Amino acid sequence: MSEPRSLHFIEEIVEADKASNKWQGRVHTRFPPEPNGYLHVGHAKSIVLNSSLARRSGGKFNLRFDDTNPEKEEQEYVDSIIDDVKWLGGDFEDRLFYASDYFAQMYEWAEQLVKKGKAYVCDLSAEQMREHRGTLTEPGRNSPFRDRSVDENLDLLRRMKAGEFAPGSKTLRAKIDMTSGNINLRDPVMYRIMKERHHRQGDAWCIYPSYDWAHGLEDSIERITHSICTLEFENHRPLYDWFLDQLGIYHPQQIEFAKLQLTYTVLSKRNLLFLVKEKYVSGWDDPRMPTIRGMRRRGYPSEALRAFCEDIGVTKNDTVIDLVRLENAVRDHLNTTAPRRMAVVNPLKVVITNWPAGQVEQVEVQNNPEDEKAGMRTVPFSGELYLERDDFMEEPPKKFFRLSPGREVRLRGAYFIKCESVVKDATGAVTELRCTYDPSTKGGTAADGRKVKGTIHWVSAQHALDAEVRLFDRLFSAEFPGQAHEGKPGVDRPFLLDLNPGSLVVAKAKVEPSLATERPGARFQFERLGYFCVDLDSKAGALVFNRTVALKDAWAKEVAAEESAPKPAAPAKAPEKKKEPAPPAGPAPEIEFADFTKVALKAGRVLTAEKVEKADKLLKLSVDLGEGAPRTIVSGIAEAFSPESLVGRNVVVVTNLKPRALKGIESRGMILASGSGKSLSLINPGDVPPGTDVK
RNA sequence: UGGGGCGUCGUCUAAGGGUAGGACAUCAGACUUUGACUCUGAGUAUCGUGGUUCGAAUCCACGCGCCCCAGCCA
């Protein structure tokens with residue numbers, strides 16, 4: 001391995017504290033999630049930071065649920081969080097705690113502050129409190145209830161606790177300084193009245209502590225030494241310190257670090273929840289989600305996630321980590337641990353014309369060239385095979401060294417084969433290759449020492465298993481999702497405009513027979529393609545594999561560079577699912593489509609989209625068709641698409657229809673789509689300029 | 001225009017008065033029964049302006065830029 005990395009700033013603080021014996025040599029950290037959602041990579045960084053800080057110092061690490069708000073918290077989230085933290089290797093042993101278990105102690109301390117004259121019951125409504133708070137540049141004003149007597153405050157607080165007052169009617173506030181430049185110090189709320197059932201406490205409480213009041217107390221009770229949180233809590237530290245100092249109780253040190261941000265990813269709970277609720281993804285565990293559950297299902301090993309978190313460092317700089325760093329960490333781990341298998345994702349049939357009819361040979365292949373101990377396996381070889389369609393080109397460019405007419409390649413672990421002829425269908429598409437093999441190249445080395453440049457993977461047609469392969473790509477196609485669309489009129493959630501339409505491609509693959517009985521979660525490298533794992537949905541006879549991450553592909557990069565360099569506007573080669581020219585959706589059943597050739601199809605770009613009044617299926621779109629002025633088109637796709645998800649999107653438009661009025665709006669054209677209702681999908685013309693003819 | 005924080009290669013991140021180093025990305029090459037892995041090489045950075053000093057990314061001053069804060073959320 002390389003040099004041991006230097007300590008990051010929090011490790012340095014910990015080391016200094018150990019040296020000065022500040023905490024009697026103890027190190028005790030915690031991860032304090034609120035159980036109101038699923039954990040994501042950002043949390044992983046925090047879990048790894050806190051747990052490894054404890055581990056490398058022989059200290060302790062707690063998992064504590066910060067469950068102080070019964071409105072949004074649920075047992076479901078508690079369970080998933082515990083499971084995810086364990087999976088990540090956050091070892092909290094038996095130290096699983098709940099802030100709600102400390103409610104009685106917290107309340108006692110609150111009475112203490114009241115008795116000291118440091119807290120008061122305030123009758124201001126939320127709105128009045130906001131008015132009194134002042135602004136960023138103007139000081140606040142004291143609450144008219146600020147000077148109530150200790151006795152009155154105590155009485156009121158007890159009656160708040162007893163449930164005598166309506167939710168929202170009173171709060172307990174710390175008496176600090178309404179003129180502070182730090183707004184958090186302007187008499188923050190300690191308790192609010194909420195008559196909600198708590199997921200653990202039931203109806204035992206009707207006042208609930210706020211974060212600022214509760215958090216330091218929780219840390220204090222657990223004798224935490226270093227209370228690590230993200231940068232946005234920096235402004236809260238004076239409050240954290242104030243409460244603990246007023247109470248004179250054990251006082252941990254709060255330290256802030258910059259949270260993780262990733263390119264091509266959104267990480268806010270709100271946005272992730274939206275993606276799930278609005279079905280842009282299949283759920284919290286959709287393998288494209290940056291949630292721990294999503295990454296687990298995708299096949300990311302926890303070791304890789306931890307290595308990534310250690311690798312990116314810990315600072316106070318507000319930075320964005322390139323997603324490829326995560327992907328590299330995953331490849332790195334899988335390269336040494338994942339057994340190799342052969343699978344053909346886009347099969348092209350090959351007949352070996354000189355192979356003895358009916359003969360089957362068992363070929364020995366290495367399971368993992370990076371790991372001798374992984375051993376060998378046998379793979380059946382026969383006269384009819386499937387190869388990857390991309391591994392053949394009828395007219396290859398110079399640097400292509402795979403199969404093409406007259407050329408020889410090695411079939412991994414088997415023989416050299418040479419392409420003798422190409423079989424095509426009526427449309428000219430290649431349907432089959434006729435090849436010969438050289439019996440003297442068994443195992444993949446030629447007796448005469450001749451070399452071949454290309455080695456490709458294969459499966460035997462009669463032995464191959466059918467499998468569904470889910471090819472995942474990044475969920476967003478923009479480095480900073482939504483950033484380019486910020487502030488556009490009518491766009492509530494700009495990140496939706498950057499959703500990557502190719503983030504999931506489902507393919508029918510042919511895989512080698514050894515994969516028949518693998519269990520969900522098992523990870524492999526499909527040679528030359530990428531790392532895959534068996535999905536939860538997989539069953540014997542109906543195998544499903546998820547592509548965890550593709551292998552790096554220098555050839556694809558070269559091809560892409562070639563395409564984009566000389567030609568003006570190369571269409572993106574996004575792997576699209578084949579789409580039938582389905583009947584166009586929309587409110588136009590009476591239009592004749594008997595003769596499809598008369599229909600003019602052009603690519604268009606949606607400029608604006610809005611709902612049509614009194615029509616829940618219709619959207620009014622303004623579409624740029626490269627004609628100067630955009631066209632107004634009314635389309636019956638509102639069940640499947642929100643207006644904001646359409647803006648900026650490329651669509652196929654039938655342009656030579658007679659204009660017709662819908663709900664009083666003249667519609668000049670029709671959007672091409674397939675399916676119906678909620679599962680409607682739009683035909684994508686690719687990345688071409690508006691006005692381009694679509695064939 | 002209040003308070004708090006942060007500015008080093010394209011992106012992360014070291015260097016804490018003494019040669020600006022590493023990783024990822026990029027490009028070029030070697031190796032290769034995975035166009036993977038591995039290896040070699042290349043280029044690119046201290047926000048600005050002054051000051052202190054033999055010497056400044058580092059200390060000081062003044063600017064500039066970015067982030068966070070006006071929930072009875074966390």
Side-chain angles (χ1 to χ4, degrees), chain A residues 2-3 5-8 12 32-34 36 66 68-69 71-73 122 124-126 129-131 133-140 167-173 179-186 188-194 207-208 210-212 214-215 229-238 256 258 263 269 311-322 324-325 327-329 331-332 335-336 340 342 365-366 369-370 399-402 409-414 416 441 443-445 451-457 479 525-530 550-558:
Chain A
S2 53
E3 293 287 299
R5 67 158 168 64
S6 50
L7 300 182
H8 59 67
E12 281 182 354
E34 183 188 15
N36 72 344
D66 202 0
T68 56
N69 186 346
E71 272 179 5
K72 356 193 218 175
E73 295 157 8
C122 182
L124 252 28
S125 69
M129 202 181 289
R130 195 180 320 124
E131 285 163 13
R133 191 156 30 231
T135 69
L136 292 179
T137 52
E138 302 157 42
S169 62
K170 284 182 167 46
T171 55
L172 182 73
R173 294 226 259 164
T179 67
S180 172
N182 181 345
I183 289 184
N184 296 307
L185 262 19
R186 323 243 259 230
V189 169
M190 294 166 61
Y191 278 102
R192 70 278 211 199
I193 300 170
M194 297 175 105
I207 57 172
Y208 289 91
S210 64
Y211 170 85
D212 285 312
H215 204 85
C229 60
T230 49
L231 247 27
E232 61 267 32
F233 292 101
E234 213 150 18
N235 295 331
H236 295 246
R237 179 160 24 98
E256 309 84 15
T263 57
K269 264 182 196 172
D311 183 51
I312 55 177
V314 178
T315 67
K316 300 183 75 152
N317 300 343
D318 183 13
T319 57
V320 185
I321 307 291
D322 195 333
V324 304
R325 302 262 306 257
E327 294 174 343
N328 269 325
R331 287 193 195 100
D332 225 46
N335 180 40
T336 55
R340 314 284 123 127
M342 287 196 281
V365 227
Q366 236 182 333
E370 301 289 320
K399 284 180 279 184
F400 184 83
F401 47 78
R402 279 114 91 149
V409 294
R410 170 166 41 232
L411 296 181
R412 167 132 245 210
F416 288 8
T441 57
T445 34
K451 303 278 188 209
V452 286
K453 198 82 173 103
T455 300
I456 64 181
H457 60 278
E479 201 171 2
Q525 184 197 96
F526 288 173
E527 291 220 31
R528 304 207 307 131
L529 296 176
L551 249 29
K552 282 189 201 163
D553 189 346
W555 172 246
K557 197 187 268 183
E558 182 137 342

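Since the model is a prediction, treat every value here as computed from it, not as a measurement.
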Subject >> B:C37 to B:U26 separation - P atoms, rounded to the nearest Å >> reply: 11 Å

**OP:** Check every strand shown and say whether A:Ile312 touches a base, only sugar-phosphate, or nothing at a heavy-atom separation below 4.0 Å.
**Re:** sugar-phosphate

**OP:** Using a 4.0 Å heavy-atom cut-off across all strands, classify A:Thr137 as base, sugar-phosphate, or nothing.
**Re:** base

Subject >> Parallel, tilted or perpendicular: rings of A:His236 and A:Tyr211 (30°, 60°) >> reply: perpendicular

Subject >> Close side-chain approach of A:Lys552 to A:Glu327, heavy-atom, < 4.5 Å >> reply: no

**OP:** Assign A:Glu232 to base, sugar-phosphate, or nothing according to its heavy-atom contacts below 4.0 angstrom with the strands shown.
**Re:** sugar-phosphate

**OP:** State which of B:G35, B:C37, B:A23 makes the closest approach to the side chain of A:Asp311.
**Re:** B:A23

Original post:
Counting any heavy atom closer than 4.0 Å, what does A:Ala554 reach on the DNA or RNA strands: base, sugar-phosphate only, or nothing?
Top reply: sugar-phosphate

**OP:** Consider the side chain of A:Tyr211, meaning its heavy atoms from C-beta on, and name the nucleotide among B:U34, B:A74, B:A70 that approaches it most closely.
**Re:** B:A74

Original post:
Under 4.5 Å between any side-chain heavy atoms of A:Arg402 and A:Trp555, yes or no?
Top reply: yes

Original post:
Do the side chain of A:Asn235 and the base of B:C68 come within less than 3.5 angstrom through a donor-acceptor pair of N or O atoms?
Top reply: yes

Original post:
Any side-chain N or O of A:Lys453 under 4.0 Å from OP1/OP2 of B:G35?
Top reply: no

**OP:** Answer with base, sugar-phosphate or nothing: what part of the nucleic acid does A:Leu124 contact at a heavy-atom distance below 4.0 Å?
**Re:** base

Subject >> Rounded P spacing from B:A70 to B:G63 in Å >> reply: 27 Å

Original post:
Counting only distance, no hydrogens or angles, is the base of B:G35 paired donor-acceptor with the side chain of A:Asp553 under 3.5 Å?
Top reply: no

Subject >> Integer angstrom distance from the C1' of B:G4 to that of B:C12 >> reply: 25 Å

Subject >> Given RNA chain B, 5'-ward residue of the pair A:Thr319 and A:Asn184, judged by closest heavy atom >> reply: A:Thr319

Subject >> Short side-chain N/O contact from A:Arg130 to OP1 or OP2 of B:G71, under 4.0 Å >> reply: yes

Original post:
How is A:Pro238 classified with respect to the nucleic acid when contacts are heavy atoms under 4.0 Å: base, sugar-phosphate, or nothing?
Top reply: nothing

Subject >> Whole-Å P distance, B:A20 and B:G29 >> reply: 31 Å

**OP:** Sticking with atom P, work out how far B:U38 lies from B:G21, rounded to a whole angstrom.
**Re:** 23 Å

**OP:** Choose from B:G35, B:A23, B:U26 the nucleotide whose nearest atom is closest to any side-chain atom of A:Lys557.
**Re:** B:U26

Original post:
Between NZ of A:Lys451 and CZ of A:Arg410, what distance do you get to the nearest 0.5 Å?
Top reply: 8.0 Å

**OP:** Would you kindly give the CZ-to-P distance between A:Arg237 and B:C68, to the nearest whole Å?
**Re:** 18 Å

**OP:** Using a cut-off of strictly less than 4.0 Å, decide whether A:Lys316 has a side-chain nitrogen or oxygen near OP1 or OP2 of B:C67.
**Re:** no

Original post:
Any sub-3.5 Å donor-acceptor pair from A:Thr179's side-chain atoms to A:Pro139's backbone N or O?
Top reply: no

Subject >> Sugar-phosphate only, base, or nothing, as touched by A:Thr135 at under 4.0 Å among non-hydrogen atoms >> reply: base

Original post:
Is A:Asn328 near enough to B:A25 that one of its side-chain N or O atoms lies under 4.0 angstrom from OP1 or OP2?
Top reply: yes

Original post:
Which way is the base of B:G71 turned, syn or anti, if we draw the line at 90° from 0?
Top reply: syn

Original post:
Base, sugar-phosphate, or nothing for A:Glu234, non-hydrogen atoms under 4.0 angstrom?
Top reply: sugar-phosphate

**OP:** Please work out if A:Phe400 contacts a base, only the sugar-phosphate, or nothing of the nucleic acid, heavy-atom cut-off 4.0 Å.
**Re:** base

Original post:
Side-chain donor or acceptor of A:Arg5 under 3.5 Å from a matching atom on the base of B:G22?
Top reply: no

**OP:** Would you mind reading off the distance between A:His8 atom NE2 and B:U13 atom P, rounded to a whole angstrom?
**Re:** 12 Å

Original post:
Out of curiosity, A:Ile312 CD1 to A:Thr319 OG1, how far, rounded to the nearest 0.5 Å?
Top reply: 7.5 Å

Original post:
Do any side-chain nitrogens or oxygens of A:Arg133 fall under 4.0 Å of OP1 or OP2 in B:C72?
Top reply: yes

Original post:
With respect to the side chain of A:Val324, which nucleotide from B:A25, B:A15, B:A70 is positioned closest?
Top reply: B:A25

Subject >> Any side-chain donor near an acceptor of the partner, A:Arg325 and A:Asn328, under 3.5 Å >> reply: no

Original post:
So, is A:Arg192 near the phosphate of B:A74, with a side-chain N or O under 4.0 Å from OP1 or OP2?
Top reply: yes

Original post:
Does any N or O in the side chain of A:Asn182 come within less than 3.5 Å of the main-chain N or O of A:Asn235, such that one atom is a donor and the other an acceptor?
Top reply: yes

Original post:
Touch check for A:Ser6, heavy atoms < 4.0 angstrom, all strands: base, sugar-phosphate only, or nothing?
Top reply: sugar-phosphate

**OP:** Just call it for A:Asp318: base, sugar-phosphate, or nothing, with non-hydrogen atoms closer than 4.0 Å on any strand.
**Re:** sugar-phosphate

**OP:** Check whether any side-chain nitrogen or oxygen of A:Ser210 sits under 4.0 Å from OP1 or OP2 of B:A74, and answer yes or no.
**Re:** no

**OP:** Both distances under 3.5 Å, Watson-Crick or G-U wobble: on that basis, could you give the dot-bracket string for RNA chain B, with [ ] for crossing pairs and | for other-strand partners?
**Re:** .((((((..((((....[..)))).(((((.......)))))....(((((..]....))))))))))).....

**OP:** Would you kindly compare A:Val314 and A:Tyr191 by the position of their nearest RNA chain B nucleotide and give the one closer to the 5′ end?
**Re:** A:Val314

Original post:
If you measure from CD on A:Glu73 to CD on A:Glu34, what distance do you get to the nearest 0.5 Å?
Top reply: 4.5 Å

Original post:
Quantified in whole Å, what is the C1' atom distance between nucleotide B:A23 and nucleotide B:G17?
Top reply: 27 Å

**OP:** Report yes if a side-chain nitrogen or oxygen of A:Asn317 is closer than 4.0 Å to either non-bridging phosphate oxygen (OP1 or OP2) of B:G7; otherwise report no.
**Re:** yes

**OP:** Mind checking A:Ser180 for me? I need base, sugar-phosphate or nothing, with any heavy atom below 4.0 Å counting as a touch.
**Re:** nothing

Original post:
Which value, in whole Å, describes the distance between the P atoms of nucleotides B:C6 and B:A45?
Top reply: 26 Å

Original post:
In terms of side-chain heavy atoms of A:Asn182, which of B:C73, B:G3, B:U34 is nearest?
Top reply: B:G3

**OP:** Check whether any side-chain heavy atom of A:Glu256 sits under 4.5 Å from a side-chain heavy atom of A:Lys316, and report yes or no.
**Re:** yes

**OP:** Any chance you could measure A:Glu527, atom CD, to A:Ile456, atom CD1, to the nearest 0.5 Å?
**Re:** 12.5 Å

Original post:
When rounded to the nearest Å, what value does the distance between P atoms of B:A57 and B:C47 take?
Top reply: 10 Å

Subject >> Given B:C72, B:C12, B:A14, the nucleotide with the shortest approach to the side chain of A:Thr171 >> reply: B:C72

Subject >> Neighbour count above 12 (heavy atom, 6.0 Å) for A:Lys269 NZ >> reply: yes

Original post:
Rounded to the nearest Å, what distance is computed from the NE2 atom of residue A:His236 to the C1' atom of nucleotide B:A70?
Top reply: 11 Å

**OP:** Determine the contact category for A:Glu138: base if any of its heavy atoms lies under 4.0 Å from a base atom, sugar-phosphate if only primed atoms, P, OP1 or OP2 are that close, otherwise nothing.
**Re:** nothing

**OP:** Just compare B:G2, B:U34, B:C12 and give me whichever is closest to any side-chain atom of A:Arg412.
**Re:** B:U34

**OP:** Looking at every strand, decide which applies to A:Thr315 at a 4.0 Å heavy-atom threshold: base, sugar-phosphate, or nothing.
**Re:** sugar-phosphate

